[in-house]
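Notes for the one structure printed next.
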Amino acid sequence: MNRVKIYLWFIFSYLIGITLGTLAVGKYESVSFKPWEWEDPPIVVNCYGNDLSLLHIIEAVHYWTMKGHKFSYIEQNPTEQLCKADHIRGFILIKKKNLPHGTLGETKRKVYMFNISSAVIYFNSGTYRISNVFEHEMGHALGYNHVELEGHIMHPIWEKMTNKFWIPE
């Protein structure tokens, strides 16, 4: 009986710890403009297809390179196996996906030990061509969150976004 109580106490403590930890990380990410960083420069991979030209990728990478970010390289012709993966450590994968109506792009990042380990950028068909959208999503892949400052590249509403970037105070 005593072992059962210890086991139940352990399970209960574990669940409480996971819940509190998840809430703390969520809160940190919600109030921080750039909560996470890459440990090493990521590799950018075009899994979107031939429609996405190398020039579009280079423009987005260049935008963030001019802001001090580093990238390993760009892979324009990846293997099918590489593109089937959901997340690969050290990679930013760019993929085509049918997103909800009104959504131009979406970025999912994985964080491990307080660093971004991988990211996937999804675009509806052709939306990467819309001005500032690719750079905005690349900003998410690099660790930036939305900021409610009109004219900022990380503004959540496309109509209120420009190509300007500054660290909010």
| request: Could you label the plane-to-plane angle of the Tyr144 and Phe165 rings as parallel, tilted or perpendicular, counting under 30° as parallel and over 60° as perpendicular? | output: perpendicular
| Check ion pair Asp86-Lys108 (N to O, under 4.0 angstrom) | no
| remark: Heavy-atom nearest pair, His155 first then Leu149, reads CD2-O, 3.4 Å
| request: Might you point out which heavy atoms bring Leu54 and Gln76 nearest each other, and give the distance in Å? | output: N-NE2, 3.6 Å
| message | Check this for me: His62, atom NE2, are more than 12 non-hydrogen atoms of other residues, nucleotides or ligands nearer than 6.0 Å? | response | no
| request: Inspect the surroundings of NZ in Lys67 and state if more than 12 heavy atoms from other residues, nucleotides or ligands are less than 6.0 Å away. | output: yes
| From Asn98 atom CG to Asn124 atom CG, the distance as rounded to the nearest 0.5 Å | 6.0 Å
| query | Which word best sums up how the rings of Phe123 and Tyr48 line up, parallel for under 30°, tilted for 30 to 60°, or perpendicular for over 60°? | reply | perpendicular
| field | side-chain contact (heavy atoms from CB on, under 4.5 Å) assessment of Asp40 paired with Lys70 | value | CA-CA 8 Å; Asp40 296 311; Lys70 292 182 172 38; over 6 Å; no
| task | Quick one: pull up CG in Leu93 and OG1 in Thr107 and give me the separation to the nearest 0.5 Å. | result | 11.5 Å
| said: Can you tell me how far apart OG (Ser53) and OH (Tyr128) are? Round to the nearest 0.5 Å. | reply: 6.0 Å
| task | Return the set of residues passing ring-ring contact (aromatic ring centres under 6.0 Å, His included) with Trp38 (not counting sequence neighbours), or none when no residue passes. | result | none
| message | Can you tell me how far apart CD (Glu150) and OG1 (Thr162) are? Round to the nearest 0.5 Å. | response | 9.0 Å
| Do the rings of His136 and His140 sit parallel, tilted or perpendicular, given the 30° and 60° boundaries? | perpendicular
